[in-house]
2 protein chains.
Amino acid sequence: MDTNDLPGNVLDPNCPSRVVFQRIGDKWASLVIQVLGDGPVRFSELRKMVNVVTPKVLTQTLRALERDGLITRTVYAQVPPRVEYELTALGESLLQPLTMLRQWAESHVPTILEARDAYDDAQDEALLRSPN
Amino acid sequence: MDTNDLPGNVLDPNCPSRVVFQRIGDKWASLVIQVLGDGPVRFSELRKMVNVVTPKVLTQTLRALERDGLITRTVYAQVPPRVEYELTALGESLLQPLTMLRQWAESHVPTILEARDAYDDAQDEALLRSPN
DNA sequence: CAGTATCCCTCGAGATACTG
DNA sequence: CAGTATCTCGAGGGATACTG
């Protein structure tokens, strides 16, 4: 890694800081993190809360988060098996920026949706004027 | 939109607030936004700064951002053509949470990288102990 | 319960070439 | 200069079925 620490390196798609953005954009990862923000959750609970994700995909997501040191996986030796996932300190520290983002989202999404409608309408109109 | 405004709706993958997370995670969108944070930029400049993205992909990205009302596209009628992209007020307001995220990333990515190494090493070791 | 093992299949990024 | 038009290819998400 020979990239310097200037803010400019965010422009490099290979900059390691991109991994964070990738996780945020991941379909399930950010959801899982938010859920775990309230405390440890079991695999099957997670599946339900996060709205019927397939076990394979959920496992992939959880493994990735565990690998990044954002969550821990604890197996309780008992039958039936019981596995709990929990945020690490690192994971919890991500909660803050995540919340900020969510707040921005909640307050601005209506505007975005309006912008989309307006854009799409303008598109349609343009099509009507110059039919191909 | 019949979803309530409880924080819990973030768990719904169809929740509109997800569009924000998608943009953040988009390979180029967040980069473009950060670049435009310093002022209007032309298409070709954008291409260079963002590290040789193909014109098709850059166009897609820009159109999406424009549709969401995050940037504007201004065509100057002259030869050769000149098109500038610029953040809207909405787009600028996104700069703040984006910066927070970037700061988190810059200060925690080393930890994440270490966690990955540790995880991968543990995996390798486990493989050695129980060869398939 | 908490996964793993397969197969499928779409979608998005990239390469390449062409145009107003 | 600022795009558009095709094609390809691989990764990731999902469905389904099976296991310790």
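Letters go in sequence order (proteins before strands), and every chain restarts at 1.
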Whole-Å distance, R23(B) CZ to dG12(C) C1', equals 13 Å
Donor-acceptor contact present, side-chain D68(B) to main-chain L70(B), <3.5 Å: no
Considering only heavy side-chain atoms of R63(B), the closest of dC1(D), dG3(D), dC1(C) is dG3(D)
Sequence-distant partners of R73(A), salt bridge (Lys or Arg N to Asp or Glu O under 4.0 Å), two or more places apart: none
Do any N or O atoms from the side chain of T88(B) and from the backbone of G69(B) form a donor-acceptor pair under 3.5 angstrom? yes
State, without any angle test, whether R67(A) and Q123(B) hold a side-chain donor-acceptor pair at a distance under 3.5 Å. no
Which residues share a side chain to side chain donor-acceptor pair (under 3.5 Å) with D117(B), sequence neighbours left out: none
Separation of dG3(D) atom P from Q78(B) atom CD, nearest Å, is 13 Å
Just checking, R18(A) and F21(A): is the charged tip under 6.0 Å from the six-membered ring centre and within 45° of the axis? yes
Look at all strands and tell whether Y85(A) reaches a base, only sugar-phosphate, or nothing, counting heavy atoms closer than 4.0 Å. sugar-phosphate
Could you tell me how far apart Y76(A) (OH) and dG3(C) (P) are, to the nearest whole angstrom? 13 Å
Pairing of DNA chain D as dot-bracket, 5' to 3': ( ) intra-strand, [ ] crossing, | other strand, . unpaired, with Watson-Crick or G-U pairs under 3.5 Å? ||||||||||||||||||||
Expressed in angstrom and rounded to an integer, what is the separation of F43(B) atom CZ from dA2(D) atom C1'? 6 Å
How many Å lie between CE on M49(A) and P on dA2(C), as a whole number? 14 Å
May I have the distance from L58(A) (atom CG) to dG3(C) (atom P), rounded to whole angstrom? 8 Å
Can you give one letter per nucleotide of nucleotides 13-20 of chain D, 5' to 3': B if a protein heavy atom sits under 4.0 Å from the base, S if only from the sugar-phosphate, - if neither? BBB----B
Just checking R42(A): base, sugar-phosphate only, or nothing, at a heavy-atom cut-off of under 4.0 Å? sugar-phosphate
Within less than 4.0 Å of OP1 or OP2 of dA2(C), is there a side-chain N or O belonging to R73(A)? no
Taken to the nearest whole Å, CG/L46(B) to P/dC1(D) is 14 Å
Could you work out, with salt bridge (Lys or Arg N to Asp or Glu O under 4.0 Å) as the rule, every residue matching R63(A), not counting sequence neighbours? none
Contact class for R82(A) vs. all strands (heavy atom < 4.0 Å): base, sugar-phosphate, or nothing? sugar-phosphate
Minimum-distance nucleotide to S44(B) side chain [options: dG3(C), dG3(D), dC1(D)]: dC1(D)
Residues 36-46 of chain B vs side chain to side chain donor-acceptor pair (under 3.5 Å), sequence neighbours excluded, gives E45(B)-K48(B)
CG of L62(B) versus C1' of dT4(D): gap in Å, rounded? 14 Å
Is it true that a side-chain atom of W104(A) and a backbone atom of S93(B) form a donor plus acceptor pair closer than 3.5 Å? yes
